[in-house]
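Before any comments, here is the structure.
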Amino acid sequence: MDKAKIKEILKRLTLEEKASLCSGMDFWHTQKIEGKDDIPVIMLSDGPHGLRKMYESSTNPNESIKAVCFPAACALACSYDRELVQEMGKALGNECQSEGVAVLLGPGANIKRSPLCGRNFEYFSEDPYLASQMAAAHIKGVQSMGVGSSLKHFAANNQESRRLSVSAEIDERAFREIYLSAFEYAVKEAKPQTVMCSYNKIGGEYSSQNKRLLTDILRDEWGFEGLVMSDWGAVDDRVKGVKAGLDLEMPSSMGKNDKRIVEAVKNGELDEADLDKVVERVLMLAYTGDENRQYAAKWDKDKDRALARKIADGCIVLLKNDKRILPLDSKKKIAFIGEFADKPRFQGGGSSHINVEQVASALEYSKEFAEVSYAQGYITYEDKTDEKLLSEAVELAQESDVAVIFAGLPDAFESEGFDRSHMKMPQCQLELIEKIAEVNKNVVVVLHNGAPIEMPFADKVKGIVECYLAGEMVGAAQCDILFGKVNPSGKLAETFPKKLSDNPSYLNFPGEGDTVQYKEGIFVGYRYYEKKEMDVLFPFGHGLSYTDFEYTDISLSADEINEKDILTVTVTVKNTGKRDGKETVQLYVRDTHSSVVRPEKELKGFEKVTLKAGESKRVVFKLDKRAFAYYNTEINDWYVEYGEFEILIGSSSADIRQKASVYVETDKVIPMHFDLDSLGGEVMSFPEGERIFGKVLSLVNMGFDAAQADENAAKAARAMFNDMPLHTMVSFVPDESITREMIEDIVKELNAAAIEYAKK
Ligand code: BGC
C-alpha cells in the first residue's frame, strides 16, 4: 500500500476513530472501525520459535492451536548459521500465512547480561554482533513469506525481576555498543515490519514513551519505517507514547486510552499531526498484512518437524569429548539415565510456550540406532533424591559400558516472569551424576537448560553435550549427535562462567528498588572474562566436532586502510579428520592501542562452512568501519581511533588460530564540536596549561621526522594524544590568538605521526 493512499484513508477518519486505532481490538487483533469495514483487521501472535495462535473459538487468550516448536533462541544462536535461522523463519512465516496471522511476535534481541535472566532462553547471545545477525536472519525468513516480524523487546529488557517498572541505568557507551547494537543491525538490514518496545524504563523513562529511543534513535538515526507496538500492557501514559512514537498499544486499552487521546487533542496537549503519524503507521501495517495474505497457504506439520530436527542438529554443542567417548559405539552396552531421556525439556515457559502435538524423546529415537537400557534416576519436578530411582540407575550404570545421563533444569527453575537466583542444577541430579561417575568411567552428560549452569561434575565425566532448549525434535537430534549420524557443529553463543559470582553483573543484578545499575558497562560476557584474565568453564564460541579443522593462510586485502574502506579478510580452513563436518570460523578484532578502555577483542564476523573429510575452503569476511569503531560519547558517534588492529581468526574466543594486522586511518578529529568561545577564564588560568600546551606545540614544531627519529619523543607524542582529547588541549590554550584550525592541524599531525610510529 502506498503512503498517499494511506493518507487518503486517514482523511476519512474522525478523531475518535483515529484514537481507537491506537490500541488493539482485543488481545491479538488490531482495531476494527464500525461502518468502515474496508479497514482491515489483522492478527498478531507469538513467537518467536513457534506459532502460539489463540484458538479462534476460545475465550482464553493463552489457549493456542497445536503447532511445531522449533529450537528456542538460546539453542538457535549456537548454530551460528544464518541460512538455517532464515529457513526456520520461512517455515514460521508459512505457518502464519496458513493460519491467517499477519505479524509474528519475535525475535528477541536482548543481550544476556546475566545468566540469571529467566528469559535468556528467548534471547540469542551475550554478544551484540551475534544477536543482531541471528535476529536479522530470523526476520528475513519470516518476512520473505509476507508476514511481519516484531523485533523485541526494545530495549534493555535484560531481566524479568520488576520488568514492568525497573529503570535500567546504562552508560551511553555500553547502551550503544552492547544493548542497542544488538537491535541496530537487525533493524537496518532486515527491516522488520514492527518493533516491540520493552516494559522497563531506561534512564527513568518507560520505553513505551521514550522519544529518544522510539524516534530519535530508532527512526531518525537508524531509518526504521515500520510500526512500534507496546509489549503487552507496557503502556504507562498513552498520550506521551503517541508523542514519543509508540504507534500501537497492545492489547486493547478497552477504550480508556482512546478517550485520553481524544481529550488530549481537544485540549491542545497533543498535536493532531502527531496522532496522524501514529495512525498512518497502524493503517499501513493493517493494509500491508491484508495485501500480503496468502489464503491458499498450507503448512505441513511433518515437514516442519523434520526441519525442527535439522535445526536442532545444527544447534547442539559438544562441550567436552575426552578420549573421543562420542560418538557412541552402538555395539556397546549403553544406558540412558535420567527422566529427561524419556520426557525431555525442550522449551521455556511464558508467552513463547508452544502447544505441541508430540515431543521426540531420546529414548524413543535411540531405537533407530542401538539397543539402550533406561533408568529414570530422578523425578524432574521434585528436587529430592528418590533413593530407589537412584540405586536402580547406579546399578544400571555399573553393568553398562557407557552411561549417558540426561539432566538439566526443570521448568520451575527458569521462565519468563522471574529470574533465577542461582546457577545450580537440582541437587538430586547432581547427586545422580556424582554417584554414577563413581561406578562408571564412561559418563556423558546431556544437558537441557535455557541458560548457563554451574557444572561441579565437569571434570568427572568424559562427555558433555549442551542441547539448551532444542525444540520438540530434541530427542531425535540428541540421538543424531550421540550416535554420530550428525557431526556436532554448535558453538556457544555465551560464556559459561565457573560460578555465578564470576559474572560481571553479579553485584548489580537485578538491582535494588526502582533501578538496576549496569555498572559493568561494556564489559558483558567474554568482554569481561577476557579483560580480567579469568578462567571460565566454557568460553564464548566454544564447541567441538568429531573431526578436526586446520586454519592457514590468513590474508588481508590491505595492510593499511581508511575507515571508509572495506577490509577483506580471507583464511583457509581444512577438515583434516575422517568425517565430514561443519566449522564456525570466528573473526575477532582487537585494538592494540587505544586511548579508551576496550575489550581484549570483539566478535565482528563468523561464517559456518561445510567441509567434507579432507576438503578445504577459503572463507571470506568483509569488515567495515564498525568492526573497528567504539562509541565515542564526546562526539556521540562511532569513532575509529587511528592505529593498529589485530584480526584474529579462531575456532572459539579462546582458540585463536590465525592473526594479522591492519592499520586503520580515521577521518575524524575529536571532538568535532570544538568551540573556542567556550574557553573561559577558569580553564585558561589552570597553572599547568601553559606547560602542557607548550609541550604539544614544541612536539609539533620539532617536526615529526625528529619525533620518529627519537623514540622517546614519538612515544611522548603518542601518549599525549592518547591521553588528551582535543578539548583538553584546547582548554590549556593560554592565548586566544590560537585558532581552532591551528589546533586541528596539530592534532592531525599528531595523528599521522602516531600512525607512522605505530607502524614501526
Ligand atoms: C511478552 C512478549 C509477548 C507478549 C504477547 C509479553 O508479556 O513480554 O514477548 O510477545 O507478552 O504474548
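This chain uses plain numbering: 1 for the first residue, then up along the sequence. In listed order, ligands and their atoms are each counted from 1.
At a heavy-atom distance under 4.0 Å, no atom of Met229 approaches ligand 1. Under 4.0 angstrom from ligand 1, there are no non-hydrogen atoms of Glu160.
Close contacts of ligand 1 with Trp28, meaning ligand atoms under 4.0 Å from a residue heavy atom, involve 5 (C), 12 (O). Those atoms of ligand 1 that come under 4.0 Å of a heavy atom in Glu416, given as number and element, are 1 (C), 6 (C), 7 (O), 8 (O). Listed by atom number, the atoms of ligand 1 under 4.0 Å from Lys152 heavy atoms are 2 (C), 3 (C), 9 (O), 10 (O). Near Arg52, meaning under 4.0 Å from any of its heavy atoms, are these atoms of ligand 1: 12 (O). Each of the following atoms of ligand 1 lies closer than 4.0 Å to a heavy atom of Leu105: 10 (O). Heavy-atom contacts of Met196 reach the following atoms of ligand 1: 10 (O) (cutoff under 4.0 Å).
The local environment of CG in Asp220 is crowded, with over 12 non-hydrogen atoms from other residues, nucleotides or ligands closer than 6.0 Å. Atom NZ of Lys66 is surrounded by more than 12 heavy atoms from other residues, nucleotides or ligands within 6.0 Å.
A donor-acceptor pair shorter than 3.5 Å cannot be found between the side chains of Ser352 and Asp46. Judged purely by distance below 3.5 Å, without hydrogens or angles, the side chains of Ser125 and Asp127 never pair a donor atom with an acceptor atom. Asn60 and Ser58 share no side-chain donor-acceptor pair at under 3.5 Å. Between Ser351 and Glu416, the side chains place a donor N or O and an acceptor N or O closer than 3.5 Å (distance only, hydrogens not considered). Side-chain contact annotation: Trp299 with Gln97, donor-acceptor N/O pair under 3.5 Å absent.
Protein heavy atom in closest approach to atom 7 (O) of ligand 1: Tyr199 OH, 2.8 Å.
Note on ligand 1: Glu122 sits outside its first shell, no heavy atom being nearer than 4.0 Å. A heavy-atom separation below 4.0 Å is not found between Met250 and ligand 1.
Using modelled atom types, one side-chain atom of Lys112 and one backbone atom of Tyr123 make a donor-acceptor pair closer than 3.5 Å.
Ring centers of His49 and Phe70: at least 6.0 Å apart, outside the cut-off.
Looking at Asp46, Leu164, Asp231 and measuring to atom 11 (O) of ligand 1, the nearest heavy atom belongs to Asp231.
Between Trp232 and ligand 1, a contact under 3.5 Å exists for no N or O pair.
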